[in-house]
Protein chains: 2
Amino acid sequence: MSRKGEQSRERILAAAKELALRKGFAGMSVDDILAAAGVSKGAFFHHFRSRADLAAQLIRWYAEADIRMLRTLVAEAEAAQDGAMAQLLQILGAFEAQLRDPGTAPRGCMYALYSYEEEQFDEEVRALVAEAFRAWTALFIRKFQEMIDAQPPARPVTAKALAEMFVSVIEGGLILQRAHGIPGLAARQSAQFRGYLELLFPRPPQAEG
Amino acid sequence: MSRKGEQSRERILAAAKELALRKGFAGMSVDDILAAAGVSKGAFFHHFRSRADLAAQLIRWYAEADIRMLRTLVAEAEAAQDGAMAQLLQILGAFEAQLRDPGTAPRGCMYALYSYEEEQFDEEVRALVAEAFRAWTALFIRKFQEMIDAQPPARPVTAKALAEMFVSVIEGGLILQRAHGIPGLAARQSAQFRGYLELLFPRPPQAEG
DNA sequence: GGTTGATCAGACCATCTGGTCTGTTCCGAA
DNA sequence: TTCGGAACAGACCAGATGGTCTGATCAACC
């Protein structure tokens with residue numbers, strides 16, 4: 001694929017993502033995408049065999065960038081901090097910063113959208129969504145397990161339950177944030193979750209000076 | 001509106017709800033609804049001026065039943081229990097039971113769906129969704145405030161933050177539950193949230209016997 | 001028994017939509 | 001310089017879709 005061709009493809013995917021997060025996947029027509037991306041119908045069907053093919057490529061493209069971002073946050077935290085708790089707090093903090101920054105704040109989560117419109121998509125696409133969620137939780141499960149191993153939680157919890165709760169709280173926060181038009185709401189949910197973590201894993205009383 | 005007319009209207013709304021929660025609002029056509037509800041096009045457009053009118057009536061109808069259900073749970077808990085904590089635990093417990101029971105478990109939340117497809121709807125419909133969320137959180141804010149007044153939390157939190165977190169965790173749980181095909185996931189999120197509450201408001205050590 | 005309005009049934013229509021097809025442009029390799 | 005395929009541009013089409021309209025049915029009420 002030439003440079004130009006790849007550019008068009010990205011333009012289409014980016015436009016489709018924006019539109020889908022505003023009107024739903026079924027709520028946007030191919031013509032809508034063409035207008036938003038500034039490409040012709042010929043270009044579109046050159047890069048995508050069909051609308052269903054767009055759905056598959058879109059979620060794949062979105063998930064790649066998404067997972068890459070998360071992995072970066074984790075790697076940076078692991079490089080900068082010692083100990084699972086400090087790393088987790090940095091990961092969550094960096095994530096909240098992205099949620100708050102108007103430049104990077106997402107309009108919503110594509111996985112959530114696809115989940116709510118699931119019957120439009122075939123088994124392969126649904127599997128991609130489930131796999132993306134699994135990748136998210138897997139990264140957090142690892143970290144939470146390290147924490148539980150390092151320090152017994154104040155209440156019996158599993159790493160998996162904590163990871164699922166974090167993802168839930170973010171997904172739910174994104175919905176509330178849209179419904180109320182309050183951009184910072186999802187970030188606040190993440191902060192609340194940190195509060196839960198601090199109660200679960202209280203810092204050992206440090207020497208005061 | 002005669003008995004028969006009202007019945008048809010309900011059949012249409014129920015079918016539309018089911019379909020919307022499976023394919024998204026934009027993902028279902030009027031003909032889909034007709035087939036699912038077993039009514040004619042004439043019947044449909046007798047009860048609904050347009051597709052947009054269906055959207056408005058549907059969310060109104062859904063929200064009415066939803067808020068009524070929540071109010072019932074709260075009233076029952078207030079009648080059966082003394083103290084905000086005991087009432088809250090009963091409310092959450094009853095709610096989790098509904099989430100788990102295959103007979104009453106929702107396929108998803110209509111507010112979430114409407115939020116993710118928001119640009120399809122006019123300002124009035126979006127306001128209805130926001131208002132529904134507000135009604136949910138308002139009920140919980142009251143209860144959480146009672147708890148905070150009765151017992152200082154282990155960490156400084158506001159009643160509003162707790163209420164928003166609960167709603168978030170449920171909404172997110174419903175999404176994960178769909179994506180993974182695990183019916184009990186949302187209920188588990190509510191249970192996790194109860195764990196958070198127990199850490200925030202630890203029971204005073206009781207006399208053991 | 002006749003009238004009236006609510007409640008439909010379903011043919012019909014204009015528009016929209018996904019997708020096809022033909023022709024054109026452009027760019028790198030030979 | 002030529003040539004072949006990638007990368008479009010946009011007219012075109014068949015079917016789907018939202019919505020209209022005419023007429024039928026039926027219960028209630030005078």
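In the text below, chain A, chain B and the rest are named by the order of the sequence lines, each starting its count at 1.
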Could you tell me how far apart A:D32 (CG) and C:dG19 (C1') are, to the nearest whole angstrom? 16 Å
Please confirm whether the shortest side-chain N or O distance from A:H47 to OP1 or OP2 of D:dC8 is below 4.0 Å. yes
Taking side chain as C-beta onward, heavy atoms only, is B:D66 less than 4.5 Å from B:L70? no
DNA chain D: B:S29 or A:F44, which has the more 5' nearest nucleotide? A:F44
Look at B:S8 and C:dC8 and indicate whether a side-chain polar atom (N or O) is within less than 4.0 Å of OP1 or OP2. yes
State which of C:dC8, C:dG18, D:dG18 makes the closest approach to the side chain of B:R51. D:dG18
Please check if the number of heavy atoms outside A:R134 that lie under 6.0 Å from its CZ is greater than 12. yes
Tell me whether the OP1 or OP2 atom of D:dC8 has a side-chain N or O from A:H46 closer than 4.0 Å. no
Between D:dA27 (P) and B:E6 (CD): distance, integer Å: 19 Å
Between A:M28 and B:V39, which has a closest nucleotide on DNA chain C that is more 5'? B:V39
Within this structure, what is the CD-to-P distance between B:Q7 and D:dA27, rounded to whole angstrom? 14 Å
Nucleotide nearest A:S50 when distance is taken to its side chain, options D:dG18, C:dC8, C:dG19: C:dG19
Compute both the distance and the angle, then confirm whether A:R178 meets the cation-pi test with B:Y116: under 6.0 Å from the six-membered ring centre, within 45 degrees of the axis. yes
Rounding to a whole Å, what distance do you find between A:D31:CG and C:dT15:P? 16 Å
Separation of B:F48 atom CZ from D:dT20 atom P, in whole Å? 15 Å
Please determine, for the side chain of B:F45, which listed nucleotide (D:dT20, C:dG18, D:dG10) has the closest atom? D:dT20
Pair B:Q81, B:Q87: side-chain N/O donor-acceptor within cut-off below 3.5 Å: no
Over how many whole Å does the gap from B:R9 atom CZ to C:dC8 atom C1' extend? 16 Å
Between A:K41 (NZ) and D:dC13 (P), how many Å, whole number? 14 Å
Distance-only donor-acceptor check, side chains B:E96 and B:S190, under 3.5 Å: yes
A:R49 CZ to D:dA7 P, straight-line distance once rounded to whole Å: 16 Å
